[in-house]
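This is a predicted model, so every value here is computed, not measured.
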Amino acid sequence: MSGYMDFGMQSWIYKKSPRKPFSKRESLPSFSPLPNYSRKFKLKPIVNENKDLDNFLTLVIILVFAIFSFFLVNRFVAYSNNQAISITAINESKDNEAFDFLMKSGKSRLLSNNIFGAYSEFNLAYNIKPKDKELNELMIETLGILCVSEEKYCDRLDVILNTD
C-alpha cells in the first residue's frame, strides 16, 4: 500500500526515504481516527409533564370504552335471545312437519296391513310427541296386534299403558 498515491493517501507515506540498514527507526506520525460515537440513550421522564391532563384523558377513554361496551353487550344479548327464539320456532315447526308425515305414513302402512312398518313410523312419531292422544291410541292398537306374534311388543305395550 505504500506505493499507491490516491486521494486517501497521507503525504508522509510517499515522502518517506528508504531507511539505512541497522539504524534506529524514527517514530511514525500517528494517525488519529475520528472519535467513536458514544451517546447512550435512556428513557427519561419529561420535565414539563402534565399529569392531571393525562389522568383526565385516561379516565375519559375508559368511560367511553365502558359505555360503548355496555351498549354492545346489550345488543349482543338481545340478538342472541332473538336468535334462540327463532331457532326454537324453526325446530318446533320442523318437528310438527316430521310428526305429521310420520302419522300419515304410519296410518297408510296400517291400512295396507304392514304392521311392523306402521309400528316403526309410530315409534318415531312417539319420540317426537309422546303426549299425543291419537298417536297413543294407534300405538296401543299396533302393539296389541304385534303382541300376539312376539312377546317383546307386549312389554312395550305394558310400558305405554302404564305411562297413560
Side-chain angles (χ1 to χ4, degrees), residues 1 4 6-9 31-164:
M1 179 160 200
Y4 182 75
D6 200 4
F7 292 112
M9 175 94 37
F31 175 74
S32 57
L34 294 173
N36 289 337
Y37 188 75
S38 64
R39 276 185 119 175
K40 293 182 182 175
F41 294 97
K42 295 180 184 177
L43 292 176
K44 297 179 183 178
I46 299 172
V47 177
N48 297 330
E49 240 179 56
N50 192 351
K51 291 186 179 183
D52 294 335
L53 180 62
D54 289 347
N55 291 339
F56 177 72
L57 288 176
T58 304
L59 184 63
V60 167
I61 290 171
I62 289 173
L63 286 175
V64 166
F65 180 74
I67 292 169
F68 185 68
S69 63
F70 176 74
F71 286 119
L72 284 179
V73 166
N74 282 343
R75 286 185 66 197
F76 177 74
V77 168
Y79 172 77
S80 63
N81 288 341
N82 290 339
Q83 187 72 11
I85 290 170
S86 65
I87 287 175
T88 304
I90 289 170
N91 287 340
E92 188 174 322
S93 69
K94 286 184 179 180
D95 284 346
N96 288 335
E97 288 176 19
F99 180 78
D100 292 339
F101 173 76
L102 290 171
M103 286 295 288
K104 287 179 185 176
S105 175
K107 288 178 184 177
S108 68
R109 286 185 183 201
L110 194 60
L111 290 175
S112 65
N113 208 15
N114 184 357
I115 307 298
F116 290 107
Y119 170 71
S120 68
E121 299 289 336
F122 292 144
N123 197 19
L124 290 173
Y126 187 81
N127 289 335
I128 295 172
K129 287 186 181 179
K131 304 282 184 184
D132 190 56
K133 289 186 178 184
E134 181 185 6
L135 174 65
N136 283 331
E137 290 174 5
L138 289 171
M139 281 285 284
I140 290 170
E141 290 176 16
T142 308
L143 286 172
I145 295 170
L146 291 174
C147 182
V148 174
S149 60
E150 290 187 38
E151 189 175 319
K152 68 178 182 179
Y153 295 111
C154 294
D155 296 335
R156 177 75 175 149
L157 180 61
D158 289 338
V159 169
I160 289 178
L161 289 175
N162 290 333
T163 57
D164 289 341

To the nearest 0.5 Å, atom CG of Leu143 lies from atom CD1 of Ile160 at 5.0 Å
What residues, two or more places apart in sequence or in another chain, satisfy side-chain contact (heavy atoms from CB on, under 4.5 Å) together with Asp95? Ile128
Test: side chain to side chain donor-acceptor pair (under 3.5 Å). Region: residues 139-154. Which pairs qualify, not counting sequence neighbours? none
Who are the side-chain contact (heavy atoms from CB on, under 4.5 Å) partners of Val60, not counting sequence neighbours? Phe56, Val64
What's the separation between atom OG in Ser86 and atom CG in Asn81, rounded to the nearest 0.5 Å? 10.5 Å
Taken to the nearest 0.5 Å, the spacing of Asn91 CG from Asn96 CG works out to 11.0 Å
With Glu97 via side-chain contact (heavy atoms from CB on, under 4.5 Å) - residues at least two apart: none
Indicate yes or no: at least one non-hydrogen side-chain atom of Gln83 is less than 4.5 angstrom from one of Tyr79. yes
Euclidean distance, Asp52 CG relative to Leu57 CG, rounded to 0.5 Å: 11.0 Å
Go through the structure and list residues passing side-chain hydrogen bond (donor to acceptor under 3.5 Å, both in side chains) with Asn123, not counting sequence neighbours. Arg156
Does anything in residues 119-139 form a salt bridge (Lys or Arg N to Asp or Glu O under 4.0 Å)? List the pairs, not counting sequence neighbours. Lys107-Glu134, Arg109-Glu121
Residue pair Leu110, Tyr119: steps toward the side-chain contact (heavy atoms from CB on, under 4.5 Å) verdict: CA-CA 8 Å; Leu110 194 60; Tyr119 170 71; over 6 Å; no
